A.B. asks: 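I have a structure I would like to understand better, so I am pasting it below and will then ask my questions one at a time.
The shown structure was predicted, so the numbers you read here are calculated from the model rather than taken from an experiment. All chains are named by letter (A, B, ...) in the order of the sequence lines, taking the proteins before the strands, and each is independently numbered beginning at 1.
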Amino acid sequence: MRARFAPSPTGYLHVGSARTALFNWLAIRHAGGEFVLRSDDTDQERGSDEYYHDVIEGLKWLGLDWDEGIEMGGPHGSYKQSDRLVRYQEVAGQLLAAGMAYFCFCTPAELDERRKQAQAEGRPPGYDGRCRALDPAESASRRDGGEAAVVRLAVPRPGVTVFEDIVRGEVRFDHEHVEDFVLLRSNGSPTYHLASTVDDADYAITHVVRGEDLLSSTPKHILITTAMGADPPVYAHLSLLMGPDGKKLSKRHGDTALHAYRQGGFLPEAFVNYVALLGWNFGDDETVFTRDEMVNRFDLSDIQKNPAVFDNDKLAWMNGVYIRELDREDFITRTVPLIEADIDRPMTAAETETYRTVAPLIQERMKLLTEAPDQVRFLFIDELEYDAGSWEKVLTKPEAAPAIAAAVEKLGNLGEWATAGIESSLRDMLEELGVNAGKGLQPLRVAVTGSSVSPPLFESLEALGRERSLARLRDALERL
RNA sequence: GCCCCCAUCGUCCAGAGGCCUAGGACGCUGCCCUUUCAAGGCAGAAACGGGGAUUCGAAUUCCCCUGGGGGCACCA
């Protein structure tokens, strides 16, 4: 089995494309075949290096490795279509010579007009085949005389293309609705249909796994392949990803670029796990599984036919699951840079040690890596900023000031500054004051962390240290 | 307009004629745990789009309708 992922670098790697890449990869790794990465960069207008690199980085981030192609090389020369223009022209020439393709001199304006007319009359809107009737010799001389012409495939009519799609089953297209499409543009460059199909044949691709948007182009690709004398690959068309409104996932649903997820604090493992669930299932009612387990069970024929809505909430939940599964060191390594970026300076050695003690506490309360700075910022800054809502809700209560004052008193006399001692002295304080934990401890939390939501209080106090903790409590008292 | 694809809780998936009083997950609601927030535990609300047909029996098969999606370029 040989499959390929062939993005066109005309945009950032989209989550939909990432899913296509993942399903290709899963199928290949399951079967033990080869995964080829190719760049379908025949669109000079819209393509760019930035997009090209974004695609490669995205695949690497997801951990979808390939065996041949871009950056890897392989037995087929270049894996960039822009390097293979002569090959496409060669194939077009062969089809021309064999009478399976012909020159078309119709101008874009004429085509446009006839298309509109056909549509208005309820006829298929495709090219009407006018130039197909031209005498080949005459066409060639007009062409040689410098007249602009495209090369079109002479689609056999009547006829029908039938193929067995792995996810959809038998699919058939009557050639009545497959126009004589363009192979080579008037400037000699190949269209996507030609280039992609020639490459699939040349690179001996056996399985083409791609989006449903290409389903109706498949007869064109099969026609080219057989005209070349090659065997068509097996196709698997994946339904598309939708936004929450049921419309095709696009910019208006927010950022659909894969790198936005990387930057947004998502773990690639979680992303992969979640996306695999869009149109596929692990069986056994399991939703969280490892990459190896996924590869073991994956089968293209199990893929769901209907479009799936991309649910950010479930992705975030999944991400939380994976964050909690990270081992402590890994979690620290991944979050320290985010915190340093937030406080705009490197952590000191002492701070790093402190962070090591609180990291497990915040690890279990996060869905996104990017939430780390908010959780621990109070440990790293001098001027605490109080959350206005928390202040209002907690510190303006009558029991707030007495609790803080009592805590200052108790903690000031505490011997060793450690969680256990802090807890017992504060519990004593609660008892003496006759208030419950909620009322008595929340003011301390806000005074010390700036917010009514924070990591556990006693541990936070220990991490903050005696001096700074007491200073913050006194400061809050003063403000009150 | 023409062609193609699809159709189970709000969402993602189970379900391939009786095992379905339709199962799991996210989200949602309630309770428990609890120093806040999470996490965790327990409970709950929540779906077979409609109509025909086949069958003793249909979420599962067939047809029509409706709805949704995709495509119809010298873009990919």
Side-chain angles (χ1 to χ4, degrees), chain A residues 6-11 40-43 45-47 104 106-108 111-112 115-116 118-127 148-152 165 168 171-174 176-179 181-187 189 191-193 195-196 211-219 237 239-240 242 244 246-248 274 277-288 304-318 320-321 324 361-367 375 390 394 423 426-427 430 436-442 444-446 449 451-458:
Chain A
S8 117
T10 51
D40 283 11
D41 60 347
T42 50
D43 188 340
E45 307 267 297
R46 299 185 298 157
C104 166
C106 300
T107 65
L111 294 171
D112 201 42
R115 181 167 24 249
K116 277 181 187 142
Q119 226 174 89
E121 292 169 10
R123 288 182 288 117
Y127 178 63
V150 299
V151 175
R152 289 181 184 274
D165 188 284
R168 269 147 226 288
V171 182
R172 66 173 56 225
F173 287 89
D174 192 310
E176 212 53 54
H177 301 286
V178 182
E179 64 169 342
F181 57 100
V182 175
L183 260 17
L184 232 44
R185 303 188 185 98
S186 52
N187 68 3
S189 68
T191 58
Y192 164 77
H193 300 304
S196 170
E212 192 194 350
D213 50 337
L214 264 347
L215 185 60
S216 45
S217 295
T218 305
H237 286 92
S239 60
L240 271 16
M242 302 295 149
K247 302 293 181 193
K248 186 176 176 180
Y274 172 69
L277 253 17
L278 262 21
W280 182 73
N281 77 88
F282 188 71
D284 300 341
D285 285 339
E286 292 298 325
T287 50
V288 181
Q304 187 95 7
K305 291 191 260 277
N306 48 328
V309 172
F310 192 92
D311 181 2
N312 273 304
D313 282 345
K314 189 162 182 176
L315 206 210
W317 164 79
M318 180 78 74
V321 171
R324 272 171 252 129
L361 267 21
I362 70 166
Q363 183 173 1
E364 60 190 76
R365 350 178 97 66
M366 288 171 28
K367 284 187 171 168
Q375 295 264 1
S390 299
V394 178
E423 171 159 11
L426 288 180
R427 296 238 181 248
L430 291 177
N436 64 28
K439 291 213 159 111
L441 263 23
Q442 275 302 83
L444 307 187
R445 184 189 306 283
V446 176
T449 71
S451 169
S452 58
V453 176
S454 83
L457 181 61
F458 310 130

A.B. asks: What distance, rounded to whole Å, do you find between the two P atoms, one in rA46(B) and one in rC5(B)?
C.D. replies: 36 Å
A.B. asks: Given that both distances must come in under 3.5 Å, which nucleotide forms a Watson-Crick or G-U wobble pair with rU55(B)?
C.D. replies: none
A.B. asks: Under 4.0 Å, heavy atoms only, any strand: does Phe181(A) hit a base, just the sugar-phosphate, or nothing?
C.D. replies: nothing
A.B. asks: To the side chain of Ala437(A), which of rU35(B), rC4(B), rC12(B) is closest?
C.D. replies: rU35(B)
A.B. asks: Under the salt bridge (Lys or Arg N to Asp or Glu O under 4.0 Å) test, which residues partner Lys248(A), sequence neighbours left out?
C.D. replies: none
A.B. asks: Taking any strand in view, what nucleotide pairs with rC72(B) in a Watson-Crick or G-U wobble way, both distances under 3.5 Å?
C.D. replies: rG1(B)
A.B. asks: Using purine N1 to pyrimidine N3 plus N6-O4 or O6-N4 for Watson-Crick, or N1-O2 and O6-N3 for G-U wobble, each under 3.5 Å, what pairs with rA7(B)?
C.D. replies: rU66(B)
A.B. asks: Nearest whole Å is fine: how far is rA25(B) P from Phe310(A) CZ?
C.D. replies: 21 Å
A.B. asks: Mind calculating the distance between CG (Asp284(A)) and P (rA25(B)) to the nearest angstrom?
C.D. replies: 14 Å
A.B. asks: Taking the C1' atom in each of rU11(B) and rG52(B), what is the distance between them to the nearest angstrom?
C.D. replies: 31 Å
A.B. asks: Using the side-chain hydrogen bond (donor to acceptor under 3.5 Å, both in side chains) definition, which of the options Ser452(A), Ser390(A), Ser454(A) pairs with Arg445(A)?
C.D. replies: Ser454(A)
A.B. asks: Would you indicate what Arg168(A) reaches in the nucleic acid, counting non-hydrogen atoms under 4.0 angstrom: base, sugar-phosphate, or nothing?
C.D. replies: sugar-phosphate
A.B. asks: Would you please confirm or rule out a distance under 4.0 Å between OP1 or OP2 of rU35(B) and any side-chain N or O of Arg427(A)?
C.D. replies: yes
A.B. asks: Of all the choices, rG70(B), rU35(B), rA25(B), which nucleotide is nearest to the side chain of Lys314(A) once you look at every atom?
C.D. replies: rA25(B)
A.B. asks: Describe the nucleic acid contact of Val150(A) in one word from base, sugar-phosphate, nothing, applying a heavy-atom distance below 4.0 Å.
C.D. replies: base
A.B. asks: If pairing requires Watson-Crick or G-U wobble contacts with both distances under 3.5 Å, which nucleotide is the partner of rA39(B)?
C.D. replies: none
A.B. asks: Hey, does Gly320(A) reach any base, or is it just sugar-phosphate, or nothing, if we go heavy atoms under 4.0 Å?
C.D. replies: nothing
A.B. asks: Report all interatomic pairs (protein N or O, nucleotide N or O of nucleotides 20-22 of chain B) with separations under 3.5 Å.
C.D. replies:
none

A.B. asks: OP1 or OP2 of rC4(B) versus the side-chain N and O atoms of Arg172(A): is any pair under 4.0 Å?
C.D. replies: no
A.B. asks: Identify, with sequence neighbours excluded, every residue that meets side-chain hydrogen bond (donor to acceptor under 3.5 Å, both in side chains) alongside Asn312(A).
C.D. replies: Tyr261(A)
A.B. asks: Is Arg152(A) close enough and on-axis enough to Tyr127(A), meaning under 6.0 Å and within 45°, for cation-pi?
C.D. replies: yes
A.B. asks: Quick check: any donor-acceptor pair below 3.5 Å linking the side-chain of Thr191(A) to the base of rC74(B)?
C.D. replies: no
A.B. asks: For rC32(B) and rA38(B), measure between their C1' atoms and round to the nearest Å.
C.D. replies: 16 Å
A.B. asks: May I ask which nucleotide in the shown strands pairs with rC28(B), Watson-Crick or G-U wobble, both distances under 3.5 Å?
C.D. replies: rG44(B)
A.B. asks: Which protein N or O atoms sit under 3.5 Å from an N or O of nucleotides 64-69 of chain B?
C.D. replies:
{"unit_1": "rG69(B)", "atom_1": "OP1", "unit_2": "Lys247(A)", "atom_2": "NZ", "d": "2.6"}

A.B. asks: Indicate, with a heavy-atom threshold strictly under 4.0 Å, whether Glu179(A) touches base, sugar-phosphate, or nothing.
C.D. replies: sugar-phosphate
A.B. asks: Specify the separation, in whole Å, of atom CG of Asn306(A) and atom P of rU11(B).
C.D. replies: 11 Å
A.B. asks: Looking across every strand, which nucleic acid part, if any, lies under 4.0 Å from Ser196(A) by heavy atom: base, sugar-phosphate, or nothing?
C.D. replies: nothing
A.B. asks: rU21(B) pairs with which nucleotide, Watson-Crick or G-U wobble, both distances below 3.5 Å?
C.D. replies: none
A.B. asks: In whole Å, what is the span from the CZ atom of Arg115(A) to the C1' atom of rC74(B)?
C.D. replies: 10 Å
A.B. asks: Please determine, by modelled atom types, if Thr10(A) and Ser8(A) share a side-chain donor-acceptor pair under 3.5 angstrom.
C.D. replies: yes
A.B. asks: At what distance, to the nearest 0.5 angstrom, does OH of Tyr274(A) lie from CZ of Phe310(A)?
C.D. replies: 5.5 Å
A.B. asks: Within this structure, what is the CG-CE distance for the pair Leu361(A) and Met366(A), rounded to the nearest 0.5 Å?
C.D. replies: 12.5 Å
A.B. asks: When the distance from OH of Tyr274(A) to C1' of rC26(B) is rounded to whole Å, what number comes out?
C.D. replies: 8 Å
A.B. asks: Take nucleotides 37-46 of chain B nucleotide by nucleotide from the 5' end and write B, S or -, depending on whether a protein heavy atom sits under 4.0 Å from the base, only from the sugar-phosphate, or from neither.
C.D. replies: BBSS------
A.B. asks: Would you indicate which nucleotide in rC4(B), rU36(B), rC26(B) comes nearest to any side-chain atom of Leu215(A)?
C.D. replies: rC4(B)
A.B. asks: Looking at rA14(B), rU36(B), rC12(B), which one has an atom nearest to any side-chain atom of Leu278(A)?
C.D. replies: rC12(B)
A.B. asks: Could you tell me the separation between the OH atom of Tyr192(A) and the P atom of rC74(B), rounded to a whole number of Å?
C.D. replies: 16 Å
A.B. asks: My understanding is that only residues two or more places apart in sequence, or in another chain, count here; which of them pass salt bridge (Lys or Arg N to Asp or Glu O under 4.0 Å) with Arg365(A)?
C.D. replies: none
A.B. asks: What is the distance, rounded to the nearest whole Å, between atom CD of Gln304(A) and atom P of rA16(B)?
C.D. replies: 14 Å
A.B. asks: Would you check if the side chain of Asn436(A) reaches a backbone N or O of Gly438(A) as a donor-acceptor pair within less than 3.5 Å?
C.D. replies: yes
A.B. asks: Please classify the nucleic acid contact of Leu457(A) as base, sugar-phosphate, or nothing, using heavy-atom distances under 4.0 Å.
C.D. replies: base
A.B. asks: Can you spot which of His177(A), Glu179(A), Gln119(A), Lys116(A) makes a side-chain contact (heavy atoms from CB on, under 4.5 Å) with Pro125(A)?
C.D. replies: Gln119(A)
A.B. asks: In whole Å, what separates the P atom of rG30(B) from that of rA39(B)?
C.D. replies: 15 Å
A.B. asks: Which is it for Leu183(A) and His193(A) under the side-chain contact (heavy atoms from CB on, under 4.5 Å) test, yes or no, and what are the steps along the way?
C.D. replies: CA-CA 7 Å; Leu183(A) 260 17; His193(A) 300 304; 5.6 Å; no
A.B. asks: Rounding to the closest angstrom, what is the interatomic distance between rC48(B) and rG17(B) at atom C1'?
C.D. replies: 15 Å
A.B. asks: In whole angstrom, give me the gap between the P atoms of rC42(B) and rA47(B).
C.D. replies: 23 Å
A.B. asks: I'd like the P distance from rG51(B) over to rG15(B), given in whole Å.
C.D. replies: 25 Å
A.B. asks: When you match Ala308(A) and Ala6(A) each to their closest nucleotide on RNA chain B, which lands nearer the 5' end?
C.D. replies: Ala308(A)
A.B. asks: For the OG atom of Ser216(A) and the NE2 atom of His237(A), what is their distance to the nearest 0.5 Å?
C.D. replies: 8.5 Å
A.B. asks: For His237(A), which contact category applies under a 4.0 Å heavy-atom criterion: base, sugar-phosphate, or nothing?
C.D. replies: nothing
A.B. asks: Round to a whole Å and report the spacing from NZ of Lys305(A) to C1' of rC5(B).
C.D. replies: 10 Å
A.B. asks: Would you tell me if any nitrogen or oxygen in the side chain of Asn312(A) comes within less than 4.0 Å of OP1 or OP2 on rG27(B)?
C.D. replies: no
A.B. asks: Base, sugar-phosphate alone, or nothing: which one does Leu214(A) contact when heavy atoms must sit under 4.0 Å apart?
C.D. replies: base
A.B. asks: Taking the side chain from Ser186(A) and the backbone from Ala148(A), do they hold a donor-acceptor pair closer than 3.5 Å?
C.D. replies: no
A.B. asks: For Ser8(A), which contact category applies under a 4.0 Å heavy-atom criterion: base, sugar-phosphate, or nothing?
C.D. replies: sugar-phosphate
A.B. asks: If the C1' atom of rA45(B) is compared with that of rC3(B), how far apart are they to the nearest Å?
C.D. replies: 43 Å
